[in-house]
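Worksheet: the structure to be examined is printed underneath.
Just so it is clear, the structure is predicted and the values come from calculations on it, not from any experiment. Note that these values count all heavy atoms, side chains included, but never hydrogens, waters or copies made by symmetry.
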Amino acid sequence: MFAIPGSVPVTITPAAERQIARLMSGKNAFGLRIGLKKGGCAGMEYTMDLVEAAEPSEEVVEQGDARILIAPRAQMFLFGTEIDYENGLLESGFRFRNPNVTDACGCGESVRFEPLDGSRAAG
């Protein structure tokens, strides 16, 4: 993982912790895997899947009864992200406050990251 020793790669707000624990309990899952896939108008979309076990090389973050697994190919893009859960009148869902995002689409469903070589490109 692209981490600083002694620090967690992602943080989870209390609201997200409660929602993740509720989802895990409801499906008897080991944890919630977070990753990225190509798609959306900005280039990449977050993925979230309840899983029964961790895969090799996944980073595991535990907080209370919540467990997040970070897919290996997403680790460098998610480092420093805060995961929150918001309940609203019109929509509810997880929110990613990711300092690595350089651009996002208008609807907020897809994001873009600065490539490691410094050139601008999606995905």
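- Note on L78 and L50: same hydrophobic cluster, where clusters join Ile, Leu, Val, Met, Phe, Trp and Tyr whose side-chain heavy atoms are under 4.5 Å apart, directly or indirectly.
- Between R97 and E86 there is a salt bridge, since a side-chain N of the basic residue sits under 4.0 Å from a carboxylate O of the acidic one.
- Looking at heavy atoms from C-beta onward, M48 lies out of side-chain contact with R33 at the 4.5 angstrom threshold.
- Put simply, the side chain of I20 reaches to within 4.5 Å of the side chain of I12, judged on heavy atoms.
- At a threshold of 4.5 Å between side-chain heavy atoms, the hydrophobic network of Ile, Leu, Val, Met, Phe, Trp and Tyr places M24 and L69 in two separate groups.
- When the shell of 6.0 Å around CG of D49 is examined, it contains more than 12 heavy atoms from other residues, nucleotides or ligands.
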Margin query: Let's go through R95 and E82 carefully: what are the C-alpha distance in whole Å and the side-chain angles of both, what is the deciding distance for side chain to side chain contact (heavy atoms under 4.5 Å, CB included) to 0.1 Å, and is it a yes or a no?
Written below: CA-CA 8 Å; R95 303 289 181 255; E82 177 188 70; over 6 Å; no
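- Linking ILVMFWY side-chain heavy atoms closer than 4.5 Å, directly or via other members, places V10 and M76 in a single hydrophobic cluster.
- Applying ring-ring contact (aromatic ring centres under 6.0 Å, His included) to F96 and the options Y85, F77, Y46 leaves one that passes, Y46.
- One distance of note links CD1 of I83 with CD1 of I70; it measures 6.5 Å at 0.5 Å rounding.
- In the hydrophobic clustering of ILVMFWY residues, with side-chain heavy atoms under 4.5 Å counting as a link, V60 and V51 come out together.
- Nearest heavy-atom pair across E58 and P72 is CG-CD, 3.9 Å.
- Checked by atom type, the side-chain pair Q63/E17 shows a donor-acceptor distance below 3.5 Å.
- Between Q75 and P9, the closest side-chain pair of non-hydrogen atoms is not below 4.5 Å.
- Looking only at side-chain heavy atoms (C-beta outward), D84 and F94 stay at 4.5 Å or farther from each other.
- The two residues G80 and P99 have their closest heavy-atom pair at O-CD, 3.4 Å.
- One distance of note links CD1 of I34 with CD of E59; it measures 12.0 Å at 0.5 Å rounding.
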